[in-house]
Amino acid sequence: MPQPARDVALKDVAIKDVAIVGAGPIGLCLALELAALDLSVTLIDAAPYTALASPDDDGREIALTHASREQLAAAGIDIPARQMAPIREARLYNGASQRGMTLASARGEGHGREGQDSIGQLVANHVIRRAAFEAVQGVEHIELVTGRRVSALGAGPGWRSVLLDDQAQIPARLVVAADGRMSATRRLAGLSAQIHDTGQRLLVRRMAHSRPHREVTWSWFSGERGLALLPLAGDTASLVMTLPPHDAEWLKALSSEAFAAEVTRLYQGSVGEMSCRGTLHDYPLSVSRAEHLVADRVALVGDAAVGLHPVTAHGFNVGLASVRRLVDALRHHDKAVEDVGAPAQLAVYARHHQRAILPLWHASRALVALYGDTRPPARLVRHLALGAARRAGPLQWLMEGYLAKSSARR
């Protein structure tokens, strides 16, 4: 049960404009965009400073759309081009079928943008996290509180407060939850969420391979198993495997050589023989969506608002879109911000972001259900859906075209 808001007396404590819980890339980007509006921001994270400043390589690769890359750059988050790997095409396959559907392409097919030689870039998650953390250092209006957990939310006239586990109190006109799909801040604010534990595991590993990937992402779905290949620099790729627990445990127990041989077989030799180039990472797989995105002087962004299945490949881009929509909603037409936590402004944000994420949420859930169904009728439906999609492109909004348009809305 969420803890009730507590009325607390403020004496000589200065009230911040915004308190952001979660100093991941989404929270950091939001802090930078708000600071650019001359708003005072406090960032709070349970991780120690050293872990945020030098994040571990968690094996995950983030697919950035061009709109997301531009947003990060505009916020002052600089990611060197040498640390990006271009994506020129994204393809989806139904089981062992050799005929796939082009979801997006920079080669004139699918939904790539005219005049661009890629549909996006792959960047290691820890690279984005480090760059975002470095960007906030020394920025006026941004205060960082690390190694502290949020234990409760307080309330007063025209403000909310974040109570930390050391009893420190941070009052602000607006509290933003950017602390992930299992957000504790969301729960403390009394905002309910649909949380679905898929029962599956996500295995991630970087591999070298003997044949070129041609900067194409591949996704295969066959029953309970989902396989993706993300093209990195040179003849290397990141393998992302959605598996039942028993399959995941079996693969984890293999030697590096046996693992490489098995994934070469699973990926049908699409990039030739593989060999391990990184550590195997294992994650539980859950998805979530908040029923409401705002409460009294509280707003949800990033995965705290919606945590998508990795089949969309766009969870981070949707998170950045939530930052853009919230910042836009807080500004008046003259670009000034008066009461940053005013209900009318938060309602605008909630309406716009909810309208954008609901189709993606429902379609991704339907896609996962369809491709995870092993019954013969479902296999037939998948076959027909792929055939129709090649001609009509019904998943246009699911990939680059949808996100480029929805991310750019002001």
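The model shown is predicted, which means the values in this text are computed figures rather than measured ones.
The 12-atom threshold is not exceeded at CG of D56, counting heavy atoms of other residues, nucleotides or ligands nearer than 6.0 Å. Counted within 6.0 Å of CD on E140, heavy atoms from surrounding residues, nucleotides or ligands total 12 or fewer; the atom is thus considered open. By the neighbour-count criterion of 12 heavy atoms within 6.0 Å, atom CD of E273 is sparsely surrounded, having that number or fewer from other residues, nucleotides or ligands.
The heavy-atom pair separating A260 from S275 by the smallest distance is CB-CA, 3.9 Å. A305 and L293 make their closest contact through CB-CD2, 3.7 Å (heavy atoms, listed as atom of the first residue, atom of the second, distance). Considering every non-hydrogen atom in both Q354 and A290, the closest pair reads NE2-O, 4.1 Å. The minimum heavy-atom distance between V294 and Y349, with the atom names listed, is CG1-CD2, 4.0 Å.
Put simply, the side chain of H292 does not reach to within 4.5 Å of the side chain of L300, judged on heavy atoms. Side-chain contact check for D235 versus P212: some heavy-atom pair is nearer than 4.5 Å.
When only modelled atom types and interatomic distance are considered, D17 and S40 share a side-chain donor-acceptor pair under 3.5 Å. For the residue pair R325 and H352, no side-chain donor N or O sits within less than 3.5 Å of a side-chain acceptor on the partner.
With salt bridges taken as basic N to acidic carboxylate O contacts below 4.0 Å, one links R297 and D339. Between D282 and R201 there is a salt bridge, since at least one side-chain N of the basic residue sits less than 4.0 Å from a carboxylate O of the acidic one.
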